[in-house]
Amino acid sequence: MIRSITQQKPAEEIQRLLNGMARVFIIGCGTCATLTRTGGLPEVEAMKDALSEKGKVVTGTTVVPVACDNLTADILKEFQSMIKQADALLIMACAFGVQTIARQINKIVIPALNTLFIGKETGASEFNEVCSQCGTCIIGETGGICPVTACHKGLVNGPCGGTNNGKCEIDSNKDCAWTMIYNRLSELNRLDLMRNYQKPRNHLGEPSPGKFEIPAE
Amino acid sequence: MKSGSTLEKILEAGHFAFTGELGPPRGANIEALKKKAQPLKGMVDSVNITDNQTAVVRMSSWAASLFAMTEGLEPNYQMVCRDRNRLAMQADILGAYAHGIRNMLCLSGDHQQFGDHPQSKGVFDIDSMQLIQMVKNMRDEGQFLNGQEIDEPPKLFIGAAANPFAEPFEWRIYRLAKKIQAGADFIQTQCIYNMEKMREWVKRANDMGLTEKVYILAGVTPMKSLGMARYMKAKVPGMDVPDYVIDRLKGVDKKKQADEGIQMACEQIAEFKEMKGVAGVHLMAIEWEHRVPEIAERAGMLPRPEV
């Protein structure tokens, strides 16, 4: 399953963003941010305590099931009066959730989290970025591993000289994408694919900001 | 002749090439640049002018290359893929050529995280392989990357890097082949300390016929001290420093370590001169430019041939 991976902003930054706003309503998310322990019930409670300690009035809190879902507006109706009292909404969800709520409720939104990447849950408590949605997929020639995402330089024509015992030179916790590709293609007896020259990427795959409409039948 | 550069002429004539390296200053200090350039004059055939090496901001490679030319050196203009997109790269290549630069080294570049602006965006619009092919097409087809015609194409002698020691070792020779296929005319290798592995890599290049298609310049960096050797062994990814190098430096008095380092480099150069498939040596005397005349002399590289 793909997950939006988030990290809490530094307390000082949250304080600065809330400057001049005495009354705050806090919204967490029951999906990705709960899983990554950045915006679930315990984190929302801790945030409430921390803000109260700093002298803020927390008018209420909730953890919506899926912050990025359009139904979030209906769910938040239940908290209408508490939200009305607040100067701002402090949202402990990824930026998809924050933007969904910002479109639905006419109130200043403050993100409490930074959205790091869209990742795949690859193990217990472990998430990895495996696709960066570039719009021009080349993994048919790389054994199903994406070097555009998994290589820190996005190299598409083979490994750089900094491979470090199968790890990336910039972070010994990260696998070298091209070592993984080499091993995978070697197992499949298809190392010939690595000799193919990959042309410069078409960065116009889908110009940012991406937009897609299902064509009419 | 592809470019008519001195380096190309030296290699074409079958002379054993000897090239140097010059890192531009961290500022606009021309005097510092001249001071570093001065001892290289007449000692080397061409000088690699690094491009924001180790991702640290320095005077631009093309500008420092022009200063090197006024100092009587032939620059090997280095360009990395980290700091520019394909428009900026092609624009700089045209400008560099118009100013008389004739050699170019195409690299991916160290990741920005290693440098002095770790929060910067790494561009990597194209990679080193694609850069090589782009420069070749600019030269031989007179075309930009988009296929459009260039009014007065740049004629550059194209260099690329190779690391014979990085993993997966088995793959490295094919990566070299891919760079030659893309258009590399000459190769500068990573600093060599592990001679066994280098011999094996060159043997494979010979067996595959690659050394008939490209000039390999063996990278030599003399150790200045035991501390440097230990640092390179432990901290520099892709660097292969065998224990016998460390042990040999350990075996001499601290004051004599630099001399021993130069001696070891000279022994390597002597072997490379005889090694089939090696066309020259690229001396990377890091922040040791003033010792280059001594190294060139001791390695029997002087006088440099006139071409």
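Per chain, numbering begins at 1; letters A, B, ... match sequence-line order.
- Within a 6.0 Å sphere centred on CZ of F144(B), other residues, nucleotides and ligands contribute more than 12 heavy atoms.
- Note that the CH2 atom of W171(B) and the CG atom of L185(A) stand 8.5 Å from one another [nearest 0.5 Å].
- The shortest heavy-atom contact between G109(B) and K153(A) is O-NZ, 2.8 Å.
- Nearest heavy atoms, V156(A) versus Q130(B): CG2-NE2, 3.3 Å.
- Within the model, atoms CD1 of I170(A) and CG of D110(B) stand 12.0 Å from one another, a figure rounded to the nearest 0.5 Å.
- Applying the 6.0 Å contact sphere to OH of Y231(B) captures no more than 12 heavy atoms from other residues, nucleotides or ligands.
- Residues Y197(A) and Q181(B) have side chains not in contact (no heavy-atom distance under 4.5 Å, counting atoms from C-beta outward).
- In this structure, I2(A) places its CD1 atom where only 12 or fewer heavy-atom neighbours from other residues, nucleotides or ligands lie under 6.0 Å away.
- For F114(B) against E169(A), the heavy-atom pair with the smallest separation is CZ-O, 3.4 Å.
- There is no contact between D171(A) and chain B, counting heavy-atom distances below 4.5 Å.
- Looking at Y182(A), only its side chain comes within 4.5 Å of chain B, counting heavy atoms on both sides.
- No donor-acceptor pair closer than 3.5 Å links the side chain of D127(B) to the backbone N or O of L155(A).
- Put simply, CE on M134(B) and NZ on K199(A) are 15.5 Å apart, with the number rounded to the nearest 0.5 Å.
- H111(B) and H152(A) get closest at one heavy-atom pair: CD2-ND1, 2.6 Å.
- Between the side chain of R175(B) and the backbone N or O of C160(A), no donor-acceptor pair lies under 3.5 Å.
- Here the CD-CD1 distance, from Q198(A) to I126(B), works out to 14.5 Å after rounding to the nearest 0.5 Å.
- Smallest separation of non-hydrogen atoms from M194(A) and K178(B): O-NZ, 3.0 Å.
- Residues E167(B) and N164(A) share a closest heavy-atom pair of OE1-C, 4.1 Å.
- Around atom NZ of K233(B), more than 12 heavy atoms belonging to other residues, nucleotides or ligands sit under 6.0 Å away.
- Using a 4.5 Å cut-off between heavy atoms, L145(B) contacts chain A through its side chain alone, with no backbone atom that close.
- At most 12 heavy atoms of other shown residues, nucleotides or ligands fall within 6.0 angstrom of atom CD1 in I108(A).
- Residues P200(A) and D125(B) have side chains not in contact (no heavy-atom distance under 4.5 Å, counting atoms from C-beta outward).
- Interface summary for chain A: among P168(B), G238(B), A166(B), the most heavy-atom pairs under 4.5 angstrom belong to P168(B).
- Dense packing is recorded around CD of E126(A), with more than 12 heavy atoms of other residues, nucleotides or ligands lying under 6.0 Å away.
- How far OH of Y174(B) is from CG of L191(A): 8.5 Å, rounded to the nearest 0.5 Å.
- The candidate with the highest count of non-hydrogen atom pairs below 4.5 Å against chain B, out of S186(A), C176(A), P159(A), is P159(A).
- Most heavy-atom pairs under 4.5 Å with chain B, from the set R201(A), R195(A), H203(A): that is R195(A).
- Shown here is K203(B), whose NZ atom has no more than 12 heavy atoms of other residues, nucleotides or ligands within 6.0 Å.
- Contacts between R82(B) and chain A at a heavy-atom distance below 4.5 Å are absent for every atom of the residue.
- Heavy-atom contacts from other residues, nucleotides or ligands closer than 6.0 Å to CG of N189(A) number 12 or fewer.
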